[in-house]
Amino acid sequence: MSDRKSDAGGIAVIGLGRFGSHLAESLSALGREVLAIDRNAQQVQKWSPMLDQVVQADATDEEALRQLGLTDLRRVVVAIGASVEASVLTVLALVELGIPQIWARATSGQHAKILSSVGAHRVIFPEAETGERLAHLIISRMLDFVEFGEAFAVARIRVPRSLAGHPTSEVQLLDRYGVRVIGLKRPGEDRYRYASDELELADDTILIVEGTIEQIQRFATLS
């Protein structure tokens, strides 16, 4: 999904089990305001001291989500794992609210298909993803990344709008970000190519960049 709105702003995490709470903590550690929602009062009480805002609510209730202000958010993560029905109904409620980015946790391949069919924009499997990794992906234009230890990472990033229409050479000169563009795929192309100075970056070009995860994250949040 192409989304050219600002990448800043609050994020809601629905479901405060082990995965949801870990993700909410990771997003908060990255400086994002987190609205955490769970229908279980004990979970709400447990996480209230550690997160920006934790509320008890039934996330399958569209009106309850509206009253919590979710229509003002761009990104919501449905981290419910205990009930397939609750996760699907929550995604349906978020679709009705017009949330631009809905990330949803799946517990099986069939569950993933259902979530996608009812409107989830990205389905995630906690067994294959860490909370820290997903937090980085959720808050930026990064489509994917691989971190090699603490000092080096390679990522796929949708080109920032401010760089669209510029030749690759100008991207290579962005020394203040500390990243290097090593490949790209332009709209309509079916494969990646090595970056060269004469290529112009069209809107929705996908870049392959290298650097530290912090440098890549800064570059990926450019508008």
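Computed from heavy atoms alone, side chains included, the values below leave out hydrogens, waters and symmetry copies.
Within the model, atoms CG of Leu35 and CD1 of Ile11 stand 11.0 Å from one another, a figure rounded to the nearest 0.5 Å. The distance from atom CZ of Arg122 to atom CD1 of Ile102, rounded to the nearest 0.5 Å, is 14.5 Å.
The side-chain hydrogen bond (donor to acceptor under 3.5 Å, both in side chains) pairs that include a residue from residues 44-60 are Asp58-Thr60, where partners are two or more places apart or lie in different chains.
A donor-acceptor contact shorter than 3.5 Å links the side chain of His111 to the backbone of Thr107. With hydrogens and angles ignored, the 3.5 Å screen pairs a side-chain donor or acceptor of His121 with a backbone N or O of Pro100. When atom types are taken as modelled, the side chain of Ser87 and the backbone of Val84 share a donor-acceptor pair closer than 3.5 angstrom. The backbone N or O of Arg74 sits nowhere less than 3.5 Å from a side-chain atom of Gln101 that would complete a donor-acceptor pair.
In this structure the side chain of Leu23 reaches within 4.5 angstrom of the side chain of Leu27, judged on heavy atoms. Proximity of Val88 to Leu115: side-chain heavy atoms (C-beta onward) are separated by under 4.5 Å at one or more points. With a 4.5 Å cut-off on side-chain heavy atoms, Val78 and Leu94 count as touching. Leu16 is listed as a side-chain neighbour of Leu51, based on a closest heavy-atom distance under 4.5 Å.
Partners of Glu189 by salt bridge (charged side-chain N to carboxylate O under 4.0 Å, His left out), not counting sequence neighbours, listed by chain and number: Arg186, Arg193. With sequence neighbours left out, Ile206 forms a side-chain contact (heavy atoms from CB on, under 4.5 Å) with Leu143, Arg156, Arg158, Tyr192. Applying the side-chain contact (heavy atoms from CB on, under 4.5 Å) rule to Ser83 yields the partners Glu85, Ala86; only residues at least two apart in sequence or on another chain are considered. Listed by chain and residue number, Arg180 satisfy the salt bridge (charged side-chain N to carboxylate O under 4.0 Å, His left out) test with Glu210 (two or more places apart in sequence, or in another chain).
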Does the side-chain contact (heavy atoms from CB on, under 4.5 Å) test come out yes or no for Ile14 and Asp38, once each step is laid out?
-> CA-CA 6 Å; Ile14 300 174; Asp38 199 288; over 6 Å; no
Val77 and Ile124: CA distance, side-chain angles, deciding distance, side-chain contact (heavy atoms from CB on, under 4.5 Å) verdict | CA-CA 10 Å; Val77 182; Ile124 50 183; 4.3 Å; yes
Listed pairs under 3.5 Å, donor-acceptor, residues 64-72 side chains, sequence neighbours left out:
from, atom 1, to, atom 2, distance (Å)
Arg66, NH2, Glu62, OE2, 3.0

